Amino acid sequence: MRFYFVNLMVLWMFFSCTDKKNTEIDVSTTNIDFSIKRYEVDFYNTTANQLPNLKNKYPYLFPKSFTDSLAISKIANKDEQELFKETQKLYKNIPVLKSQLASLFKHVKYYNTNFKAPNVVTIISNIDYNSRVIYADSLLFISLDAYLGKTHRFYSDYPKYIKENNNKENIIVDVANSIINKQVVPLPTRSFLSKMIQEGKKMYLLDMYLPAVPDKLKIGYSSENMDWTLYNEEDIWKYFIERKLLFSTDTKLNKRFLENAPFSKFYLKNDNESPGRIGVWLGWKIVRSYMQNNDVSLQELLIIDPEELFKRSKYKPKK
């Protein structure tokens, strides 16, 4: 019980007390300050003589194990230079990304006056998909080589569901998610319904932070996947109800419906037509319904018990 109380206090302290839940807010007077450094540009254009200056500029990217000889070898590597050149074709200049980051940081600060925008560092990580964005409070690293476009030849061997989110439009969503995952501490949840709604709360924060971003980008679905979920919403809900999954504590449901995957596992013959993370999408729908039908603040949303939220959401799947 103590763990639950502490988490609630963290949530209350982190978010400013505002009753506004409208995603269209005016952040024009919200002040933020951050810089963008282009590490990959500096690194792959540096020489042995310039290396000491580079290390002084980016000390956090040069651990003791990363010796000068390793750095020079990496800079001269033909494959890495090709990766750098391909990245430069799309990201030589990044005014759009800078504008998106500024808008995101302003929206986060609007809801949390204590938020300090991190300084941004763009890098190349040899397409490390699992570390495309790293948020470490005062610093935010973005691996631009992971966002060259879903049809880029570098991603030819990637599964389709992963390539779908390798576009430049996905950067700002991944950045927002990295911030949200730091802000929203996990509450103790056991039932499948509670886990769905906990993920739905995070998705609702995306609504707040990225009001101009389409839903399919927020959830990481293709247009076809988005159409499928909307068309089959009632059947998805019936499936969960009829098989009594909502209050199940079976952890296997996480991989089937909550974790990133090529499709959700209903164990039906047409499973491969569904998108992964269908439970996250449904939790998002339930949370949106709750916010539409209850006059509550963002703080109240984040601390309410998931099952209580469900009771008050008045959620009904679209037929």
Side-chain angles (χ1 to χ4, degrees), residues 7-8 11-12 15 17-25 107 110-111 173 176-177 180-181 183-184 186-221 223 225-249 253-254 256-259 264 266 274-319:
N7 280 340
L8 294 187
L11 288 174
W12 272 109
F15 290 88
C17 294
T18 173
D19 289 330
K20 295 183 179 179
K21 58 184 178 181
N22 185 358
T23 59
E24 296 295 337
I25 58 174
H107 278 80
Y110 175 89
Y111 293 106
V173 176
N177 274 321
I180 290 169
N181 287 333
Q183 289 182 344
V184 181
L187 295 177
T189 55
R190 295 189 62 198
S191 71
F192 178 53
L193 174 65
S194 295
K195 293 173 183 176
M196 281 201 305
I197 291 176
Q198 185 70 3
E199 292 302 314
K201 290 180 180 183
K202 295 179 183 178
M203 293 301 300
Y204 190 81
L205 281 182
L206 280 182
D207 289 338
M208 299 291 101
Y209 293 168
L210 300 174
V213 172
D215 285 355
K216 69 174 185 177
L217 281 179
K218 292 174 188 170
I219 190 71
Y221 285 176
S223 297
N225 285 157
M226 202 69 200
D227 291 343
W228 188 94
T229 57
L230 294 172
Y231 182 80
N232 290 284
E233 183 176 351
E234 183 180 21
D235 289 334
I236 295 167
W237 185 245
K238 282 183 179 179
Y239 180 94
F240 289 160
I241 295 295
E242 291 172 356
R243 286 162 179 78
K244 300 179 180 179
L245 298 184
L246 293 185
F247 298 98
S248 171
T249 57
L253 294 173
N254 298 349
R256 290 177 61 188
F257 301 114
L258 297 176
E259 296 178 8
S264 294
F266 296 94
S274 71
R277 303 175 71 222
I278 205 71
V280 176
W281 177 79
L282 196 56
W284 190 15
K285 297 281 290 187
I286 293 171
V287 171
R288 279 181 167 177
S289 180
Y290 169 77
M291 294 303 285
Q292 290 170 359
N293 290 298
N294 295 272
D295 184 17
V296 295
S297 67
L298 188 59
Q299 295 75 31
E300 291 170 302
L301 165 68
L302 293 173
I303 66 173
I304 187 174
D305 176 76
E307 293 181 12
E308 177 65 22
L309 182 152
F310 173 63
K311 292 177 184 177
R312 294 169 54 187
S313 70
K314 301 179 183 179
Y315 169 72
K316 290 183 179 179
K318 292 182 179 178
K319 299 182 178 179

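Being a predicted model, the structure only gives us computed values, none of them experimental. Computed over heavy atoms, backbone and side chain alike; hydrogens, waters and symmetry mates excluded.
Arg312 places a side-chain heavy atom less than 4.5 Å from the side chain of Ile304. The closest side-chain heavy-atom distance from Ile219 to Met226 is below 4.5 Å. The shortest distance between side-chain heavy atoms of His107 and Ile25 falls below 4.5 Å.
For the pairing with Phe310, the side-chain contact (heavy atoms from CB on, under 4.5 Å) check across Leu193, Asp305, Val287 returns one residue only, Leu193. Tested against Met196 for a side-chain contact (heavy atoms from CB on, under 4.5 Å), the candidates Leu253, Leu245, Leu246, Ile278 yield a single pass: Leu246.
The shortest non-hydrogen separation linking Val280 to Met203 is CG1-CG, 3.8 Å. Residues Leu309 and Ile286 come closest through the heavy atom pair CD2-CG2, 3.9 Å. Taking every heavy atom of both residues into account, Asn181 and Lys202 meet most closely at OD1-NZ, 3.7 Å. Looking at every heavy atom in both residues, Pro306 comes nearest to Ile197 through O-CD1, 3.1 Å.
Between the side chain of Glu233 and the backbone N or O of Leu230, no donor-acceptor pair lies under 3.5 Å. Here the side chain of Tyr221 pairs no donor or acceptor atom with the backbone of Pro275 at under 3.5 angstrom. Listed for the Ser274 side chain is a donor-acceptor partner under 3.5 Å among the backbone atoms of Ser264. Tyr290 contributes no side-chain N or O that, together with a main-chain N or O of Lys311, makes up a donor-acceptor pair within less than 3.5 Å. Between the side chain of Lys201 and the backbone N or O of Leu301 there is at least one donor-acceptor pair closer than 3.5 Å.
The ring of Trp237 has its center closer than 6.0 angstrom to the ring center of Tyr315.
Residues that satisfy the side chain to side chain contact (heavy atoms under 4.5 Å, CB included) test with Glu259, not counting sequence neighbours, are Asn254, Lys255. Legend: residues meeting side chain to side chain contact (heavy atoms under 4.5 Å, CB included) with Thr249, ordered by chain and number and at least two apart, are Arg190. Contacts of Tyr231 classified as ring-ring contact (aromatic ring centres under 6.0 Å, His included), with partners at least two apart in sequence or in another chain: none. Residues satisfying the ring-ring contact (aromatic ring centres under 6.0 Å, His included) criterion with Phe240, sequence neighbours excluded, are Phe192, Phe257. Every residue two or more places apart in sequence or in another chain was checked for a ring-ring contact (aromatic ring centres under 6.0 Å, His included) with Trp228, and none qualifies. Shown here are the side chain to side chain contact (heavy atoms under 4.5 Å, CB included) partners of Lys244, two or more places apart in sequence or in another chain: there are none.
Taking NZ from Lys216 and CG from Asp227, the interatomic distance works out to 9.0 Å, rounded to the nearest 0.5 Å. Here Gln183 contributes atom CD and Leu205 contributes atom CG; the two are 7.0 Å apart, rounded to the nearest 0.5 Å. The CG atom of Leu206 sits 4.0 Å away from atom CD1 of Ile180, with the distance rounded to the nearest 0.5 Å. Taking CH2 of Trp281 as the start and CG of Asn225 as the end, the distance is 11.5 Å to the nearest 0.5 Å. In this structure, CZ on Phe247 lies 5.0 Å from CD on Glu307, to the nearest 0.5 angstrom. Note: Ile236 CD1 to Ile241 CD1 = 12.5 Å, rounded to the nearest 0.5 Å.
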* **Residues Arg288, Tyr204; criterion side-chain contact (heavy atoms from CB on, under 4.5 Å); working and verdict** => CA-CA 7 Å; Arg288 279 181 167 177; Tyr204 190 81; 4.1 Å; yes

* Asked: What's the verdict on side-chain contact (heavy atoms from CB on, under 4.5 Å) for Glu300 and Asn294, showing C-alpha distance, side-chain angles and the deciding distance?
  -> CA-CA 10 Å; Glu300 291 170 302; Asn294 295 272; over 6 Å; no

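Checked by atom type, the side-chain pair Ser289/Gln292 shows no donor-acceptor distance below 3.5 Å.
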